[in-house]
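Here the structure comes first, spelled out in structure tokens, and everything after it is commentary.
Sequence positions, counted from 1, serve as the residue numbers for this chain. All of these numbers come straight from a predicted model, not from anything done at the bench.
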Amino acid sequence: MKILLADASDAFREELQERLSDVPSAIVVGTTVSEEQTVLVTALSRPDVLLIAPQLADGTGCSALERLRSAGFQGTAYAMVAGGNGACGADCAGSGVDAFYDKGQDLDRLVDTISLLAQDPYSVIAGTIELPRTRQARCSCPQRCE
């Protein structure tokens with residue numbers, strides 16, 4: 001399973017790449033820091049999973065994902081957020097993110113989910129296994145329609 005990491009923090013990307021190296025059959029095919037880089041590297045490497053931060057060094061992960069989805073990217077996309085998904089949650093959910101993981105609290109859950117996907121991606125599609133619980137997008141509209 002091919003994974004692309006998109007995050008502005010070198011230290012975080014290195015830590016996550018190290019943790020993912022223990023997942024059998026998962027390989028990090030690239031790391032990016034900007035929206036344009038993310039769109040380009042995703043198009044070239046065709047990852048199965050995109051792990052993306054809402055805020056990148058230049059541009060946003062949500063915008064990059066929206067562009068990728070409109071261009072036909074059908075892979076799994078997980079948003080890696082700091083301190084909960086906050087106001088960006090609804091925006092990212094609208095761009096096609098599949099789940100949110102907090103960088104500080106949910107890394108174990110994220111790696112567990114990637115491990116499950118790497119073991120049997122078709123059972124996830126068919127809904128035959130239960131993924132670790134993920135954070136849901138929160139509505140940021142004035143009506144608070146959660």
What's in the same ILVMFWY side-chain cluster as Leu40, cut-off under 4.5 Å, chained through other members?
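Cluster partners of Leu40: Leu44.
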
Contacts of type side chain to side chain donor-acceptor pair (under 3.5 Å), residue Asp10, not counting sequence neighbours
Arg13

Run the side chain to side chain donor-acceptor pair (under 3.5 Å) test against Arg46 and tell me which residues pass, sequence neighbours left out.
none

Among Thr113, Leu51, Leu107, Val81, find the one that has a side chain to side chain contact (heavy atoms under 4.5 Å, CB included) with Tyr101.
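That would be Thr113; it is the only one of Thr113, Leu51, Leu107, Val81 passing the side chain to side chain contact (heavy atoms under 4.5 Å, CB included) with Tyr101.
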
Qualifying residue, where the test is side chain to side chain contact (heavy atoms under 4.5 Å, CB included) with Leu5 and the options are Leu20, Leu50, Val41
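Only match with Leu5 under side chain to side chain contact (heavy atoms under 4.5 Å, CB included): Leu20.
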
Please give me the minimum heavy-atom distance between [X] and [Y], naming the atom from each residue.
{"X": "Ser25", "Y": "Ala118", "result": "OG-O, 3.4 Å"}
{"X": "Ala8", "Y": "Ala57", "result": "CB-N, 3.6 Å"}
{"X": "Ala79", "Y": "Val97", "result": "N-CG2, 3.3 Å"}
{"X": "Val23", "Y": "Ser115", "result": "CG2-OG, 3.5 Å"}
{"X": "Asp98", "Y": "Gly75", "result": "OD2-O, 4.0 Å"}

Rounded to the nearest 0.5 Å, how far apart are [atom1] of [X] and [atom2] of [Y]?
{"X": "Thr76", "Y": "Met1", "atom1": "OG1", "atom2": "CE", "answer": "8.0 Å"}
{"X": "Thr42", "Y": "Phe73", "atom1": "OG1", "atom2": "CZ", "answer": "6.0 Å"}
{"X": "Lys103", "Y": "Ser9", "atom1": "NZ", "atom2": "OG", "answer": "6.0 Å"}
{"X": "Asp7", "Y": "Gln55", "atom1": "CG", "atom2": "CD", "answer": "10.5 Å"}

Can Val111 be reached from Met80 by stepping across I, L, V, M, F, W or Y side chains whose heavy atoms are under 4.5 Å apart?
yes

Treat each ILVMFWY residue as a node, draw an edge where side-chain heavy atoms are under 4.5 Å apart, and state whether Leu68 and Phe100 are in one component.
yes

List, one per line, each side-chain donor-acceptor pair under 3.5 Å for residues 27-36, sequence neighbours excluded.
unit_1: Thr32; atom_1: OG1; unit_2: Thr38; atom_2: OG1; d: 2.7
unit_1: Ser34; atom_1: OG; unit_2: Gln37; atom_2: N; d: 3.2
unit_1: Glu35; atom_1: OE1; unit_2: Thr60; atom_2: N; d: 3.1
unit_1: Glu35; atom_1: OE2; unit_2: Ser63; atom_2: OG; d: 2.9
unit_1: Glu35; atom_1: OE2; unit_2: Arg67; atom_2: NH1; d: 3.0
unit_1: Glu36; atom_1: OE1; unit_2: Arg67; atom_2: NH2; d: 3.4
unit_1: Glu36; atom_1: OE2; unit_2: Arg67; atom_2: NH1; d: 2.7
unit_1: Glu36; atom_1: OE2; unit_2: Arg67; atom_2: NH2; d: 3.4

Are the side chain of Asp102 and the backbone N or O of Ala82 linked by a donor-acceptor pair below 3.5 Å?
no

Tell me the salt bridge (charged side-chain N to carboxylate O under 4.0 Å, His left out) pairs involving residues 18-28, sequence neighbours left out?
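Every pair satisfying salt bridge (charged side-chain N to carboxylate O under 4.0 Å, His left out) with a residue in residues 18-28: Arg19-Asp108.
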
For a side chain to side chain contact (heavy atoms under 4.5 Å, CB included) check, start with the C-alpha distance between Val49 and Ile114, then their side-chain angles and the critical distance, and finish with the verdict.
CA-CA 8 Å; Val49 177; Ile114 297 295; 3.8 Å; yes

Can you check whether Leu117 reaches Tyr78 side chain to side chain, under 4.5 Å on heavy atoms?
yes

Assess whether a salt bridge exists between Arg109 and Asp112, defined as any Lys/Arg side-chain N lying under 4.0 Å from an Asp/Glu carboxylate O.
no

